[in-house]
Amino acid sequence: MSPGASSPAYRRLSVEERRAQLLDAALSLFAHRAPEEVSLDDVAEAAGVSRPLVYRYFPGGKQQLYEAALRSAAEELRHCFDEPREGPLLPRLARALDRYLAFVDEHDAGFSALLQGGSVVETSRTTAIVDGVRRDAAEHILSHLRVTDPGPRLRMTVRMWITAVEAASLIWLDEDKQPPAGELRDWLVEQFVAVMTVTAARDPQTATLLRALTPVDR
């Protein structure tokens, strides 16, 4: 460094920036460890701040921090299905699944703790956050199908498929991410067509939607 050069000036973070920094640190830890295995000291160390500072932003302690981190992860998952309503349906679904599986891959061992419950810090609020992600995903799918008033069989079919996607993702992690993500994505898309086909035999609304799929989808 030349004599005339100066060190970067220290910049004090705003309240929003500091909170985002702490949430990023917490998400990084929760992504690879169960919530009960993460302490506020761990979060403080990961963020490079003191424990009292973490408490200043999250006076409710780890429970409040976990719920905030869960909401952040839930918002990211909601965006996975935020696909433009253009072109054939199944390629759109495949692109959404690519983003979903990338999220699962990134959060790895913490995916179960973040989204499937089973944690000692699980509450009715955290359960509601997770259920909200599932319902939003189902609404996205119905929107892609251009259905504004789905019947009970169609709605149940879509929600069952969302549950199957979650279960397959957890098994995929347990199986060392095999088969490759691309194969899993294609299989899940085929599963969607399969469950829609079964429901179509009993439900005229679903049958109409199935017939409306383009040749590319079929």
Side-chain angles (χ1 to χ4, degrees), residues 70-71 73-105 107 111-118 122-175 177-218:
L70 184 59
R71 289 190 186 93
E75 190 62 29
E76 186 175 344
L77 270 178
R78 286 187 178 97
H79 288 313
C80 290
F81 289 91
D82 191 13
E83 178 74 19
R85 272 63 169 171
E86 301 171 356
L89 171 66
L90 297 188
R92 280 184 268 159
L93 195 58
R95 289 190 293 270
L97 283 171
D98 279 338
R99 289 190 292 273
Y100 184 93
L101 292 174
F103 178 92
V104 174
D105 185 32
H107 288 82
F111 178 72
S112 177
L114 281 167
L115 296 178
Q116 299 299 305
E122 183 181 9
T123 67
S124 60
R125 292 190 300 275
T126 60
T127 300
I129 293 170
V130 175
D131 285 344
V133 173
R134 295 173 181 140
R135 292 180 181 277
D136 283 350
E139 290 303 321
H140 272 295
I141 299 301
L142 291 169
S143 176
H144 281 291
L145 290 168
R146 294 184 173 86
V147 176
T148 56
D149 187 23
R153 289 184 177 84
L154 175 60
R155 183 178 291 279
M156 184 179 293
T157 298
V158 172
R159 292 181 65 181
M160 285 171 57
W161 180 76
I162 294 295
T163 301
V165 169
E166 286 187 358
S169 299
L170 289 170
I171 296 170
W172 183 62
L173 291 176
D174 193 51
E175 294 289 337
K177 300 178 182 177
Q178 291 298 323
E183 291 184 23
L184 177 59
R185 173 206 62 214
D186 292 343
W187 181 67
L188 290 172
V189 171
E190 292 167 1
Q191 287 284 328
F192 179 78
V193 175
V195 295
M196 288 285 286
T197 301
V198 171
T199 302
R202 294 175 175 269
D203 180 48
Q205 183 182 42
T206 305
T208 299
L209 291 172
L210 199 62
R211 289 193 298 270
L213 295 178
T214 67
V216 174
D217 288 332
R218 297 298 295 272

Asks: Return yes when atom CZ of R135 has more than 12 non-hydrogen atoms of other residues, nucleotides or ligands closer than 6.0 Å, and no otherwise.
Replies: no

Asks: Which residues pass the side chain to side chain contact (heavy atoms under 4.5 Å, CB included) test with A168, not counting sequence neighbours?
Replies: L184, W187, L188

Asks: To the nearest 0.5 Å, how far apart are CG in D82 and OG in S143?
Replies: 9.5 Å

Asks: With a 4.0 Å cut-off on N to O distance, would you call D98 and R95 a salt bridge?
Replies: no

Asks: Quick check for you: to the nearest 0.5 Å, what is the distance between T208 atom OG1 and L154 atom CG?
Replies: 10.5 Å

Asks: Measuring from atom CG of L142 to atom OG1 of T148, what distance do you get when rounded to the nearest 0.5 angstrom?
Replies: 10.0 Å

Asks: Measure the OG1-CD distance between T197 and E190 for me, rounded to the nearest 0.5 Å.
Replies: 11.5 Å

Asks: Over all heavy atoms of both residues, which pair between Y100 and S169 is shortest? Give the atoms and the distance, please.
Replies: CE2-OG, 3.3 Å

Asks: Report the distance from atom CG of L93 to atom NE2 of H140, rounding to the nearest 0.5 Å.
Replies: 12.5 Å

Asks: Given V195 and M160, is the side-chain contact (heavy atoms from CB on, under 4.5 Å) satisfied, shown in steps?
Replies: CA-CA 9 Å; V195 295; M160 285 171 57; 5.9 Å; no

Asks: So, are E83 and R92 salt-bridged, with charged N and O less than 4.0 Å apart?
Replies: no

Asks: Tell me the side-chain hydrogen bond (donor to acceptor under 3.5 Å, both in side chains) pairs involving residues 149-162, sequence neighbours left out?
Replies: E139-R155, T157-T199

Asks: State, yes or no, whether a side-chain contact exists between L90 and F192 at a heavy-atom distance under 4.5 Å.
Replies: yes

Asks: Does some side-chain heavy atom of R78 sit less than 4.5 Å from a side-chain heavy atom of C80?
Replies: no

Asks: Find the distance between CE (M196) and CD1 (I141) and round it off to the nearest 0.5 Å.
Replies: 10.0 Å

Asks: Under the rule for side chain to side chain contact (heavy atoms under 4.5 Å, CB included), what residues qualify as partners of A207, not counting sequence neighbours?
Replies: A200, R211

